[in-house]
Amino acid sequence: MNRITLLICVLMALAPVLGSDDSLAASEECLDCHEEVEDIIRFTVHNKAYEVGCVDCHGAGEEHIDDPEIDNIGSAKGASGSTACLSCHESAIHEKRPRKNMHMSASVNCSDCHQVHQDPHAPSPLLAAAQEELCVSCHTDQRGIFSKPFTHKLGHGTVQCSSCHDPHGGKGRKKFRHGMSSEETCVSCHTEKKGPFVFEHVTGLNGDCMTCHETHGSANPRQLTRADVRQLCLECHSTLPSGPIGSQPPSTHDMLSPRYRNCVQCHTAIHGSSKSPVLLK
Amino acid sequence: MIKFITSIAALLVFFPALGQSTFSVEAGAQWDDVSGSEDSYRSQVNEDGGFLLQALRYAFRDNEGKTALLDRFQIDATGFGALPHGRINIDAGSARGYRLKLDYSRFEHYNAVAINPQPEPPGILHSVDRTRQLLNLELELLPQYKIRPIIGYSWNSYDGPGRESYHLGQDEFALDSDLDESETEIRVGLAYSTPRIQAEIMQGWRDFSGTEIRTAQASDGQNSRPVLGNDIVLDNYTSRTEYDSETPVTRALFKALPNEKVSVLATYVHADAESDIREDESYSGRFASYRIHRFFNGASASVRSRTEAPSWRGNVRVELELPAEFELGLAYTKQNRDMDGNALIETLYLDSVTFSNGDPRDYQELIDANSHMERDEDAVEAIVEAYGLENFRFWGAWTTRSEDITVDQDLAEIVVASGQEGDFTRDTDQYRLGMAFQKKQHQASLEWKSEEADQMVIRTDFLDRETLTARLRTGWNDKFHFSGKARWIDAENPTPGIQYEMDLFNAGLDLEFAPVKGFRCRLSYNLFDLESQTSYRDPWFEDRESFHKEDGNQVDVDFGWENKRLKIIGRYGRYDSEGAIPFTLDDAFLQADIKISDHFSGIIQARQREYEEELNPLADYDVDTFGLLLRWRQ
């Protein structure tokens with residue numbers, strides 16, 4: 001905790017170095033009529049930091065200015081809804097491969113999740129609602145899964161859907177934020193399980209975190225895929241007369257006995273160890 | 001915590017004059033009433049009474065450039081106090097200077113399952129009551145430049161008491177353990193990015209070290225009867241284990257987008273792990289060992305071991321967009337691990353005699369063990385995907401993996417269990433076919449996956465495995481949503497001696513509706529049907545079958561209602577399984593959020609968890625939790 005305190009103090013000490021860069025590029029003619037959005041437009045990060053005004057997204061609309069009944073104003077709806085946004089956020093186009101991204105289709109576009117005319121005091125990156133509410137509004141089954149007794153607790157800004165998934169088009173089939181596999185995503189927070197260890201357990205190719213864990217939620221403690229830890233282990237570590245390489249339970253482990261029901265009570269370093277070949281510590 | 005709160009308060013006072021800032025905190029107190037097995041409850045949930053920081057957010061943003069060195073700062077925290085997991089995230093930076101990310105987590109880790117009294121008589125549990133802390137810091141400098149330095153620091157610690165059982169000769173005794181270990185990693189590197197190319201190379205130095213001290217009180221051990229006419233007694237026991245490992249790690253990433261139709265992604269990780277272990281133990285009493293065929297009155301032992309484990313992993317992936325809305329992806333991954341182990345184990349048995357009370361002397365045993373294992377893994381993946389065909393997408397993929405493992409066995413093996421010398425290979429092929437439909441709020445998808453392996457290596461769970469997943473989602477405006485999903489998995493390994501079979505069916509339906517503004521309700525039903533059986537060898541060297549069944553049902557309902565002054569959230573879930581470990585878990589939660597003023601709200605929340613295991617009532621618990629919190633928003 002002292003490290004965090006020290007860091008905050010350093011940041012505070014740096015803060016008073018003042019600069020001045022007053023950049024206002026709101027479209028005055030628009031705001032003459034649309035005064036209800038004036039404060040919102042003037043103080044959004046788009047306007048203040050990047051000098052984006054009404055006409056940059058909605059088009060010049062000269063005819064609309066001359067005759068408000070003529071509606072030729074660009075709208076961020078439908079299939080072309082993301083066009084205006086992506087004209088500036090160009091890097092997202094190349095990096096995220098929008099052609100294969102459901103979140104940039106006719107059904108879902110930027111304005112479904114982001115609210116450009118947002119209250120400027122809201123801290124989130126122009127989100128229309130709290131992230132966990134936004135995602136489950138389409139992915140409705142996930143609300144039930146994340147209501148299970150043992151799950152990642154979403155919300156409060158620390159663990160969110162986007163901690164693991166990149167809604168703009170991440171890597172792999174699950175659109176992971178940190179890598180092609182769930183393993184890289186999980187260890188980005190659970191760094192103590194990252195390895196490489198001297199003695200590994202699963203190594204990516206042979207299985208990953210989701211071999212044993214239900215990451216979105218489970219009825220079992222530790223979000224395990226089986227209620228019986230012993231069985232979960234035995235499925236990969238069955239005993240054989242002439243075995244595969246690996247660590248089968250030795251015959252001294254009487255699997256009939258309840259004491260061997262939970263292997264990880266002794267094999268506590270189940271995710272990898274730099275000390276014990278059989279992951280005891 | 002006081003320093004931390006003071007710092008946040010200072011930020012509140014200091015920053016608002018320089019930009020836009022928001023602050024909100026939910027904090028208060030929680031009370032709990034635990035009846036039944038506290039061990040079981042703490043192993044599963046581990047919430048406590050006392051102060052609770054449910055949520056904290058402070059966000060500062062300077063869009064006008066008043067603070068040249070800090071134009072955004074956001075801190076989020078949750079879970080400190082009464083909850084077993086607390087987390088702080090800090091994201092700060094300046095568009096033209098740096099970006100700083102800091103994550104801190106704290107886990108209270110408790111494990112003492114009530115069904116596992118070890119050793120007999122009941123009352124002695126294998127248990128841990130330890131704390132893990134994680135700190136991760138990443139500082140990226142000059143984010144507006146193509147080449148950017150990156151500095152990273154990670155630290156984690158794991159410490160606290162535990163209890164375990166331990167064999168001394170032919171008897172088993174309970175030991176108290178005190179563990180203290182920590183790991184640090186310092187990383188430096190460079191990142192390079194243009195719209196078409198991204199590259200990053202990081203060099204890290206990881207240092208892991210720990211100490212475990214174990215002691216035991218005088219006891220008679222697990223055996224209630226004498227061994228060969230001798231009572232087995234432990235008078236005292238101490239041991240100290242020190243271990244450390246150093247691991248330099250190199251990570252590199254390269255991503256190129258030569259044009260809009262081609263992308264290349266390559267990653268490489270290289271690590272040289274070296275581990276040293278020093279363990280000394282001594283104990284006295286009266287013991288018997290079948291291995292040396294002697295009674296003895298105590299022993300002293302020392303272990304000195306060293307392991308070297310260099311490893312590397314490389315992956316390259318190319319994705320090509322083809323004409324007619326097709327995409328082709330090719331990937332190749334290669335991984336190599338090499339492990340050399342050496343251990344010198346010296347044991348001196350004191351005052352030993354043979355089982356016939358002859359040949360009295362101190363008896364010394366010396367084991368010098370060396371072992372080596374090398375492991376190569378290759379994976380090739382090809383995927384073809386068609387999309388943009390009106391509202392449909394189709395995909396098909398083939399992946400092949402090859403694992404090749406070589407073990408040089410030593411008579412006194414320490415790395416791999418004995419009898420496993422040789423070369424082992426396993427080739428696995430995976431096929432995937434799928435389709436998806438999406439039109440407005442209507443979505444459906446179906447995917448079939450088949451995996452086939454030719455040999456058992458490392459894992460025994462399948463030689464054949466098939467998975468079928470179906471999803472359906474639809475809705476009507478924002479008032480009604482329906483989704484359903486089903487998954488079948490069928491896996492088997494018919495090898496004599498293994499005879500592994502696993503059948504899983506999991507299906508769920510979710511119905512969510514919001515008939516009027518401010519009210520939302522959701523109903524869910526899930527079923528989970530699993531049968532799994534495999535073989536194991538019992539202590540009498542007989543192969544036996546382990547059968548596991550889960551016949552689980554989950555029903556849960558939640559609702560939310562709010563108006564300008566009051567918001568109510570309720571949730572009830574019931575989870576039951578009629579399988580091998582029949583259990584029922586009821587979980588009910590109710591929260592009322594009452595707006596007191598524009599800045600303050602009061603929160604009242606209550607939760608009840610009731611857990612019952614049919615075959616082991618020792619594990620049952622019934623816990624009521626009640627919280628009273630205040631939210632302050634500024």
Side-chain angles (χ1 to χ4, degrees), chain A residues 1 4-5 8 11-12 14-15 17-19 21-22 45 48-49 91 94 100 102 107 120-121 123 140-141 143-144 147 149 156-158 191-192 196 198 205-206 219 221 227-228 231 234-236 238-241 244-247 249 251-252 254-256 258-259 261-262 265-266 274-275 277, chain B residues 3-4 7 22 44 55 57 59 63 65-70 76 78 87 89 113 115-116 118 126 136 154 156 195 208 243 245 257 271 273 275 307 309 311 377 379 387 405 415 420 424 440 456-461 481 483 497-498 510 512 524 534-537 539 546 548 556 575 581 587:
Chain A
M1 192 57 69
I4 298 169
T5 308
I8 291 169
L11 291 173
M12 287 174 59
L14 295 175
V17 183
L18 300 179
D21 181 19
D22 186 11
V45 64
K48 276 294 183 186
S91 63
H94 299 305
K100 56 186 289 190
M102 285 267 194
S107 302
H121 297 289
T140 46
D141 56 321
R143 198 192 291 273
S147 296
H156 307 314
T158 53
T191 51
E192 85 282 7
V198 178
L205 289 183
N206 218 311
D228 188 354
Q231 185 71 14
L234 272 177
E235 287 184 14
C236 286
S238 176
T239 308
L240 270 180
I245 192 73
S247 48
S251 58
T252 53
D254 182 2
M255 307 304 286
L256 291 174
R259 66 180 297 186
R261 173 173 151 183
N262 188 351
Q265 282 207 307
C266 295
S274 292
K275 179 194 170 194
Chain B
K3 290 178 183 175
F4 176 69
S7 303
T22 56
Q44 292 190 10
R57 166 170 285 187
N63 292 336
K66 287 181 178 176
T67 57
L69 290 179
L70 182 68
D76 292 284
T78 184
R87 185 175 167 100
N89 288 7
V113 180
I115 200 171
N116 294 334
Q118 309 179 28
H126 265 213
N136 197 45
S154 296
N156 80 72
F208 170 76
Y243 43 97
S245 71
L257 300 150
S275 174
T307 306
S311 64
E377 292 172 78
Y387 46 88
I405 298 169
V415 175
Q420 299 191 72
F424 304 85
K440 296 185 177 176
M456 294 173 293
V457 174
I458 301 291
R459 59 192 291 175
T460 57
D461 60 339
H481 293 279
S483 59
I498 295 288
D510 285 81
E512 185 168 340
S524 285
T534 190
S535 305
Y536 68 96
R537 188 183 294 165
S546 175
H548 178 71
D556 69 294
Y575 313 86
I581 304 176
D587 188 354

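Protein chains get the first letters and strands the later ones, always in sequence-line order, with residue 1 at the start of each.
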Quiz item: How long is the span from the CD atom in B:Glu512 to the CG atom in A:Asp141, to the nearest 0.5 Å?
Solution: 10.5 Å
Quiz item: For A:Glu192, is it the side chain, the backbone, both, or neither that has a heavy atom closer than 4.5 Å to a heavy atom of chain B?
Solution: both
What are the two closest non-hydrogen atoms of [X] and [Y], and how far apart are they?
| X | Y | answer |
| --- | --- | --- |
| A:Thr140 | B:Ser483 | OG1-OG, 3.1 Å |
| A:Ala227 | B:Ile581 | O-CD1, 4.1 Å |
| A:Gly144 | B:Ser524 | CA-OG, 3.9 Å |

What part of [X] gets closer than 4.5 Å to chain A, counting heavy atoms only: side chain, backbone, both or neither?
| X | result |
| --- | --- |
| B:Thr78 | both |
| B:Asp76 | both |
| B:Ser546 | both |

Quiz item: Among B:Ser275, B:Ser311, B:Ala271, B:Ala309, which has the most heavy-atom pairs under 4.5 Å with chain A?
Solution: B:Ser275
Practice problem: Tell me, please, which residues at least two apart from A:Thr191 pass side-chain hydrogen bond (donor to acceptor under 3.5 Å, both in side chains). | Solution: none
